[in-house]
Amino acid sequence: MTLTVYNTLTRQKETFQALEANKVRMYCCGITVYDYCHLGHARTCLVWDVVRSYFEWLGYEVNYIQNFTDIDDKILNRAKKEGTSMEDVSERFIQAYFEDMSRMGIRQADAYPRATHTLDGIKRLVAELEAKGFAYPADGDVYYAVKKFSDYGKLSGRKLEDMQTGASGRVDTPEAEKKQDPCDFALWKAAKEGEPSWDSPWGAGRPGWHIECSAMVRERLGETIDIHVGGSDLTFPHHENEIAQSEAATGQSLANYWLHNGMVKVDGEKMSKSLGNFTTIRDLLDKPVDAMAMRLFILQAHYRKPVDFTNEAIAAATNGWETLREGLLFGDRFGQDLGFTDSATIAKSEESELIRQRFKDAVNDDFNFTAGLAVLFEMAKELQKEGHIIVHQRKTATDPQKLATLWYTLIELSAVLGFKAELKEETVNDGLTDAEIEQLIEQRAAAKKAKNWAECDRIRDELKDQGISLIDTKEGTTWHSV
RNA sequence: GGUGGCAUAGCCAAGUGGUAAGGCCGUGGAUUGCAAAUCCAUUAUCCCCCAGUUCGAAUCUGGGUGCCACCUCCA
């Protein structure tokens with residue numbers, strides 16, 4: 001099966017075809033940097049980072065760009081409230097963004113252009129739109145005339161006449177009088193007292209909200225790109241307006257595929273700043289919730305569907321991650337004893353290829369990571385079970401070659417989805433030597449023989465405090481570190 | 001009012017014409033001094049409701065109900 005993606009533009013799944021063979025040009029609408037990122041941002045960043053990794057795994061070279069919008073009313077408001085500057089606020093939250101994403105295990109994009117670094121491109125674009133009759137100046141502002149762009153509404157499936165503009169509050173704003181149509185939007189805003197501004201042919205001012213993305217896409221990736229992604233709440237008006245700006249200016253299609261991820265919900269409602277029902281990434285990870293469990297939570301729902309954030313869901317994902325983690329650590333724990341070597345040869349094995357193909361078939365269907373995870377869990381469960389057998393019996397009857405195949409394949413495919421496990425600091429020798437442990441086990445065996453159950457339990461608890469778990473079997477007691 | 005989407009077991013969730021993936025939780029049994037851990041087995045005759053198309057539908061069509069998102073800032 002070839003890769004198909006659901007294109008918001010056409011409202012159907014389409015076979016993915018890159019503009020340039022084996023290359024993908026991908027742009028993700030990033031964040032406005034006025035506060036800490038919440039789980040909604042995490043989902044967006046994580047999903048598209050995984051999509052990018054999947055493309056790479058398929059053999060594509062991906063140029064992945066994500067912007068920071070660092071000129072905005074909300075940033076200015078915050079700066080005003082804090083008595084700091086716009087730069088101060090945005091710089092602080094950009095740093096926080098990188099910290100949070102790093103903790104989430106999300107890779108960095110190839111570039112993070114900022115609105116404040118793209119002023120020349122923005123002004124050029126506005127000038128072009130004005131020259132072509134798609135924009136008009138009004139009292140220091142410049143507006144985009146939506147009626148001039150015949151395709152306006154093609155992405156979000158709206159018609160200008162259907163939009164009940166009166167209900168939106170747009171009509172009540174001071175800008176409304178300057179607009180030729182209530183749906184017209186600002187490309188450039190005249191400078192206000194005490195706010196940062198830049199010189200322009202229309203006077204001092206700053207860019208409107210949507211124009212920076214049009215400029216950044218063009219500057220970094222060209223006039224037509226393969227994929228433009230973002231949260232579904234950006235479909236209208238942000239992406240619609242981007243299309244209007246870019247396509248009116250260049251005469252070219254802005255992006256061949258428009259992909260949108262679903263929202264994170266809390267108690268059935270969208271998580272958002274305005275509702276105040278958000279959990280920031282740092283609060284969640286500080287709780288602590290494992291970043292990998294969070295990743296599993298996100299990837300266990302299809303990217304286009306909304307996902308409900310509940311403590312129960314996080315608990316389930318935490319347990320699920322534990323299973324996956326045990327599979328991922330199998331080779332680290334037992335590989336040496338089982339003689340695991342040469343991952344390259346194993347990767348080419350028929351069985352590995354078969355699993356890889358199943359994973360690919362699943363995920364190729366519009367990035368169905370959820371179905372792909374089922375393949376991972378199959379392997380992880382089997383390895384987990386084998387690990388238990390080895391811990392309990394100190395050996396396994398299963399062919400090590402088969403286990404090696406499962407393990408290496410699991411590692412490879414998990415990495416595509418960003419799952420990585422690290423062996424925790426072993427506490428085995430933290431205070432107790434193997435000999436001491438064995439001695440305690442012997443003491444316990446003696447107590448056991450004497451039916452001194454209190455002493456038995458005491459020794460077991462003592463070892464448990466040291467991170468040693470005892471397992472009683474018919475052949476005697478074995479132990480392993482937790 | 002307009003537009004888009006969703007409804008599958010206790011919870012989460014995949015599946016878009018061929019007879020219900022996966023995760024979490026649970027249950028029965030084995031084992032055990034009791035536990036823990038582990039092992040074995042097991043968990044939707046059915047996919048919101050009604051009607052239709054079809055040899056056959058969770059999957060297609062029509063109608064209904066409920067929920068969500070966007071139309072204002074939003075990932």
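Convention: sequence-line order gives letters A, B, ...; per-chain numbering from 1. Hydrogens, waters and symmetry mates are skipped; everything else that's a heavy atom, side chains included, is used.
Taking only distance into account, the side chain of A/R460 meets the base of B/A35 through a donor-acceptor pair shorter than 3.5 Å.
The phosphate of B/C12 has neither OP1 nor OP2 within less than 4.0 Å of any side-chain N or O from A/K265. Between B/G23 and A/K381, a contact under 4.0 Å exists linking OP1 or OP2 to a side-chain N or O. Here A/K448 does not reach the OP1 or OP2 of B/U32: none of its side-chain N or O atoms lies under 4.0 Å away. Proximity of A/K305 to the phosphate of B/A14: a side-chain N or O atom is located under 4.0 Å from OP1 or OP2.
Rounded to an integer number of Å, the gap from A/I75 CD1 to B/C73 C1' is 12 Å. Counting to the nearest Å, the P atom of B/A14 and the CZ atom of A/F367 are 16 Å from each other. Between the CG atom of A/N7 and the P atom of B/G5 there is a distance of 13 Å, given to the nearest Å. For A/F236 and B/G4, the CZ to C1' distance is 13 Å, given to the nearest whole Å. Spacing between atom CG of A/N277 and atom P of B/A75 amounts to 14 Å, rounded to whole angstrom units.
Under the Watson-Crick and G-U wobble criteria, each requiring two contacts below 3.5 Å, nucleotide B/A41 is paired to B/U27. Across all strands shown, B/U59 has no partner, as no Watson-Crick or G-U wobble contact with both distances under 3.5 Å is found. Nucleotide B/C34 has no partner under the Watson-Crick or G-U criteria, as no pair reaches both atom distances under 3.5 Å.
Taking a 4.0 Å limit (strictly below) on heavy-atom distances, residues 62-73 of chain A does not reach RNA chain B anywhere.
Side-chain contact of A/N364 with A/Y54: a donor-acceptor pair under 3.5 Å is present, judged by distance alone.
Residues A/Y36 and A/F93 bring their aromatic ring centres within 6.0 Å.
Closest contact between the side chain of A/A301 and the listed nucleotides B/A13, B/A75, B/G5 involves B/A13.
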Under 3.5 Å, which donor-acceptor pairs link side chains of residues 314-325 of chain A to any protein atom two or more places apart or in another chain?
| from | atom 1 | to | atom 2 | distance (Å) |
| --- | --- | --- | --- | --- |
| A/T318 | OG1 | A/I314 | O | 2.7 |
| A/E322 | OE2 | A/R325 | NH1 | 3.2 |

